Every structure is written in C-alpha cells, then in structure tokens.
Amino acid sequence: MTTHPPTHRDCQVFHFAAFRWCITRAAELIAADPSAADFTPAAGIVGLEQFLPLTPDPPDTIRLIRVLVDTEYAMTTDLSRPVLVASLEHHGDQLGAVVIDGWHRVYRALREGRTHLPALVLRADTERAARIPYP
C-alpha cells in the first residue's frame, strides 16, 4: 500500500467500514494504465438496494450500513459510465467486493428496475495503491 498523495487534499474518498479509497487516485491509475482494472459490461447490482434509501426503513430497525446519495442528482447520472469496484482482501482473506464509486448510478439503475451496470473492477495492486491507510 502506498501513501496517499499529499496533492489529493480535496480528492473524492469513499469510506466503507475500516477501508478508505481515493477515487481520484484510482482514476489516475486507470487513465495511466487501462489494464489496472478489468471491465465488466454487465455487473450484477441486485442486493445493493439494502444499502440505499430506496424504501423507508422498517419501523424499529437500524441499517448498519447506509450509502448516502442525493436522490435528485442520482436520477440525472449516466448509466453507461462504469461503476468502480474494489475487491476486499484482509490478511490474504477475500472478503468480497464493494462499489467505491458510482452509488448514484446504482441508485438510479435500481429505481429504473435495472439489474446490471457496467463496472471497472480494480486489480489487486490498483486497489492497494488507491486505498488510503488509516494513521
């Protein structure tokens, strides 16, 4: 894992549990080397609705993880633009994958009844280079 570039003071960052990624850095790495991520033309998004405000929370429940989106803006997003996905690994164990950029697109797609979106899945070395270490 590399140090987060000091020039990225106002970069876009996504936080998930104990992980943080610099979306700006990930985009730079992909622009410099397109093989830094694998393109998937139709990544499944079914199940991600549990993290979004598509429906009100049932009474007397708390969502453990909620991704905040501007719902009006979300409905204007370009669904042909791939979402950015990072595979989660910790001490060699594969923990799954998480969308680190594109939640507004996911929201819109789900609202419109879509089940898939194009995605760029970061390769392991790209994910580590874009991850911001906690102090």
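Atom set for the values below is all heavy atoms of this structure, side chains included, hydrogens, waters and symmetry mates excluded. None of these values were measured; they are calculated from a predicted model.
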Would you check if the side chain of Arg105 reaches a backbone N or O of Pro82 as a donor-acceptor pair within less than 3.5 Å? yes
For residues 68-75, which side-chain N or O atoms pair as donor and acceptor with protein atoms under 3.5 Å away, sequence neighbours left out?
residue : atom : partner : partner atom : Å
Asp70   : OD1  : Glu72   : N            : 3.1
Asp70   : OD1  : Tyr73   : N            : 3.1

Pairs involving residues 108-118, ordered by first then second residue, that meet salt bridge (charged side-chain N to carboxylate O under 4.0 Å, His left out) (sequence neighbours left out): Arg108-Glu112, Glu112-Arg114
Would Val121 and Val99 show up in the same hydrophobic cluster when neighbours are defined by side-chain heavy atoms closer than 4.5 Å? yes
Check Leu48 against Leu110 and note the closest heavy-atom contact, atom names and distance. C-CD1, 4.2 Å
Between Leu79 and Pro118, the two heavy atoms sitting closest are O-CD, 3.5 Å
Side chain of Thr126, backbone of Ala36: donor and acceptor closer than 3.5 Å? yes
Which value, rounded to the nearest 0.5 Å, describes the distance between Phe16 atom CZ and Ile100 atom CD1? 12.0 Å
Working to the nearest 0.5 angstrom, can you tell me the gap between Gln94 CD and Leu88 CG? 7.5 Å
Residues passing the side-chain contact (heavy atoms from CB on, under 4.5 Å) test with Asp125, sequence neighbours excluded, are Arg123, Arg128
Set of residues satisfying side-chain contact (heavy atoms from CB on, under 4.5 Å) with respect to Pro34, sequence neighbours excluded: none
Applying the 4.5 Å side-chain criterion to the ILVMFWY set and letting contacts propagate, would Leu54 and Ile65 be lumped into a single cluster? yes
With rounding to the nearest 0.5 angstrom, report the CG to CG distance, Leu120 to Asp38. 9.0 Å
As a quick check of understanding, evaluate side-chain contact (heavy atoms from CB on, under 4.5 Å) for Ser87 and Val85, giving each step before the final call. CA-CA 7 Å; Ser87 294; Val85 177; 5.6 Å; no
Can you classify the ring geometry of Trp103 versus Phe51 as parallel (below 30°), tilted (30 to 60°) or perpendicular (above 60°)? perpendicular
Got a sec, which residues hit side chain to side chain donor-acceptor pair (under 3.5 Å) with Thr61, two or more places apart in sequence or on another chain? none
Show, in sequence, the C-alpha distance, side-chain angles and deciding distance for Val67 and Tyr107, and conclude whether the side-chain contact (heavy atoms from CB on, under 4.5 Å) test is met. CA-CA 10 Å; Val67 177; Tyr107 177 89; over 6 Å; no
For Arg81, the salt bridge (charged side-chain N to carboxylate O under 4.0 Å, His left out) test, sequence neighbours excluded, returns Asp101
Counting distance only, does the side-chain N/O of Arg20 pair as donor-acceptor with the main-chain N or O of Pro133 below 3.5 Å? yes
Trp21 side chain near Val98 side chain, heavy-atom distance below 4.5 Å: yes
